[in-house]
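Some notes on the structure that comes next.
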Amino acid sequence: MADEQLPIGVRRYVEQGKQWLAAVQKQRETMRAKHFDTIAVHGLYGAEGALANQGSIIEPAYFSSAQHFENSDHLEAALAYLMPAWAYSRIANPTLHYLEETLALLEGYGFTGETSAHVTASGMAAICMATTPFLEDTGAMNIVVSSKCYGGTFMLFDERFGRERGIEVRWIRDPLDLNQWVEAIDDNTRFLFGEIPSNPALAVFDIAAVAELAHRFELPLLVDSTLATPALTRPLCHGADIVVHSVSKSMTSSGFAIGGALISRADIPSRVGPPELRSDFAAYVKRFPARDFGPCMSPFNALMALSELRGLRGRLDQLSSSAMGVACILAGHPRVESVSYPGLETDPGHAVAKRYMRLVDSEADGELQNRYGHLLSFCVAGGHQAARQVLDRLQLIMRATDLGRIKSIATIPAISTHQQQGEQGRDLAGIPDNLIRLCVGGEHPEDIIADIEQALVG
Ligand SMILES: *Cc1c(COP(=O)(O)O)cnc(C)c1O
């Protein structure tokens, strides 16, 4: 309905909504001119936001389930999506909005176009919300996915989409081999999906080349950038269309909250879906699929995430440097068969990782400094039992299926995170049963190394 046809009272609120959106856009433009750390610290919540919230210098937590409206016109305008509102927290909430705006700015840092974000209850919810809109059923369809991906992602695609819904999943065995991507795409493909670097195989792929390929076929490229975080890699700058994150992991080191996010650039390609899906994907997800499926993030978790994002760049710098040191020591250890870490020159993905994994705002001699994140994996000589013994002997490093923490954590994916996908699935994902995944935390690197060395020697 054109604005002129609306009742005058409703029109007043539509106008108010436009003014609010213009003010938000102005704040975004102001913040976009700032550096990464400044954006991470303030997001869109500045002096004006504080004065509108009792002067609170920290983003307030809005735990309210719903919004009270001034009158029926206001209610109608909000519920018809004619104006932005916080009508009901399953769909929108001011605290979530602060986090979404910060994430859109951070992932969009250095990118010239518009970006927007939608946060979810978990990383898996984000991946689900980022992919289901493309699976509109208009006959046979397939999705093209790097097999080097998180175990939960594998199960979502293989079991939920593949087995339950009959969607063909075309796994790319070696995501570094562009030909494998080319050969997998056909008229029924809906999207391309890759993870860089991948958990736990630490595989990488050439984002720009795969994005270019996707766009040639009018397909979106979705990238899981959980391990890199925007402090190291911003896939939208290299041509990706949608970025997904487990906010539970490296973005938030404390381990207090589970959360997820999807961040999209404006005007993405897609062979299916309405025009709104293409023009602003994150907003589309928020208004429609997420409204209906309902995997909303809790405002408490949003606040936890915001609080930790403020120091993201410095933390990833420190943790990556420690991980590099640990990877080098492991690579030279007689009881270690192999180490996967994109920072090692011997790693098959090193050249590609070197192009994509750079600490934001770290120019020295005109070059950004490479940082490769804090996850690595290594295979213990002597097979599965030997790997179990090493894991069992760790004293400082925790045994858990988690990563991204300020505390070092190790696990054996074959019996934990990647147990359910079976031997065949693990082979596809490149996960031998003597592989230990280690996420390097904020402890002094010498203490981390000492713990691993005593566990390896036994
Ligand atoms: C953990 C993880 C996810 C899933 O995130 P949750 O918040 O646990 O749902 C997705 N991708 C990667 C790379 C992960 O490590």
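These numbers were taken from a predicted model, which means no experiment stands behind them.
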* Are the side chains of Arg163 and Asp158 in touch, meaning some heavy atoms are under 4.5 Å apart? -> no

* To do: Just do the salt bridge (charged side-chain N to carboxylate O under 4.0 Å, His left out) check on Arg28 and Glu101 with the steps written out, would you?
  => CA-CA 8 Å; Arg28 283 189 196 120; Glu101 291 290 339; 2.8 Å; yes

* Would you call Leu312 and Phe36 a side-chain contact if the rule is heavy atoms closer than 4.5 Å? -> yes

* Could you list all the side-chain hydrogen bond (donor to acceptor under 3.5 Å, both in side chains) pairs where at least one residue sits in residues 192-212, not counting sequence neighbours? => Asn199-Arg437, Asp206-Arg355, Asp206-Tyr356, Glu212-Arg216

* Asked: When you check the side-chain N and O atoms of Thr252 and Ser254, is any donor under 3.5 Å from an acceptor?
  -> no

* May I ask you to check whether Tyr81 and Phe288 place their ring centres under 6.0 Å from each other? => yes

* To do: Could I get the full list of side-chain hydrogen bond (donor to acceptor under 3.5 Å, both in side chains) partners for Asp402, not counting sequence neighbours?
  => Arg405

* Asked: Which heavy atom of Gly441 sits nearest a heavy atom of Ile448, and at what distance?
  -> O-CD1, 3.8 Å

* Asked: Is Phe161 close to Leu156 at the side-chain level, that is, under 4.5 Å between some pair of heavy atoms?
  -> yes

* Determine, for Glu100 against Lys286, whether the closest basic-nitrogen to carboxylate-oxygen distance falls under 4.0 angstrom. => yes

* Asked: How close do Val244 and Ala130 get, heavy atom to heavy atom, and via which atoms?
  -> CG1-CB, 3.6 Å

* Asked: Does one side chain, of Thr189 or Asn142, offer a donor that lies under 3.5 Å from an acceptor on the other?
  -> yes

* To do: Answer yes if the side chains of His374 and Ser322 hold a donor-acceptor pair under 3.5 Å, and no otherwise.
  => no

* Under-4.0 Å salt bridge between Glu168 and Arg170 -> yes

* Answer yes or no: is there a side-chain heavy-atom contact under 4.5 Å between Phe157 and Trp171? => yes

* Asked: Do Phe217 and Asp186 come close enough that some side-chain heavy atom pair is under 4.5 Å?
  -> no

* Structure fact -> What one should report as the nearest heavy-atom pair of Asp280 and Ser116 is OD1-OG, 2.5 Å

* Asked: Donor-acceptor pair, Thr120 side chain versus Ala126 backbone, under 3.5 Å?
  -> yes

* Pair Glu276-Arg278, salt bridge (charged side-chain N to carboxylate O under 4.0 Å, His left out): steps then yes or no -> CA-CA 5 Å; Glu276 299 93 305; Arg278 284 181 276 274; over 6 Å; no

* Asked: Ignoring hydrogens and geometry, is there a side-chain-to-backbone donor-acceptor pair from Gln180 to Pro175 under 3.5 Å?
  -> no

* Using the benzene-type ring in the case of Trp, are the ring centres of Phe281 and His118 under 6.0 Å apart? -> no

* Structure fact -> For Pro197 and Leu202, the nearest pair of non-hydrogen atoms, with its separation, is CB-CD1, 4.1 Å

* Is it the case that more than 12 heavy atoms not belonging to Glu367 sit under 6.0 Å from its CD atom? -> no

* Atom CE of Met398 with >12 non-hydrogen neighbours under 6.0 angstrom -> no

* Might you confirm whether atom CD of Glu446 has over 12 heavy atoms from other residues, nucleotides or ligands at distances under 6.0 Å? => no

* Structure fact -> When Gln25, Arg32, Lys26, Gln27 are each screened for side chain to side chain donor-acceptor pair (under 3.5 Å) with Glu29, the one that passes is Gln25

* Tyr341 and Phe378: aromatic ring centres closer than 6.0 Å? -> no

* **Heavy-atom closest contact (Leu375 atom, Leu227 atom, distance)** => CD2-CD1, 3.5 Å

* Asked: Cut-off 3.5 Å, side chains only: do Thr401 and Thr411 have a donor facing an acceptor?
  -> no

* Asked: Run the salt bridge (charged side-chain N to carboxylate O under 4.0 Å, His left out) check on Asp433 and Arg426 step by step: do they pass?
  -> CA-CA 9 Å; Asp433 64 2; Arg426 284 195 293 278; over 6 Å; no

* Count the heavy atoms belonging to other residues, nucleotides or ligands that lie under 6.0 Å from CZ of Phe293, then report whether that count exceeds 12. => no

* Would you say the side chains of His245 and Glu107 form a donor-acceptor pair under 3.5 Å? -> yes

* Cut-off 3.5 Å, side chains only: do Asp361 and Tyr109 have a donor facing an acceptor? -> yes

* Does Lys249 count as lying over the ring of Tyr150, i.e. NZ or CZ under 6.0 Å from the six-ring centre, within 45 degrees of the axis? -> yes

* Is there a salt bridge (charged side-chain N to carboxylate O under 4.0 Å, His left out) between Arg173 and Asp427 once you walk through the steps? -> CA-CA 10 Å; Arg173 240 176 201 278; Asp427 174 54; 3.1 Å; yes

* Please name the pair of heavy atoms, one in Ile242 and one in Ser264, separated by the smallest distance, quoted to 0.1 Å. => CG1-CB, 4.1 Å

* Could you tell me whether the side chain of Leu192 reaches within less than 4.5 Å of the side chain of Val210, counting heavy atoms only? => yes

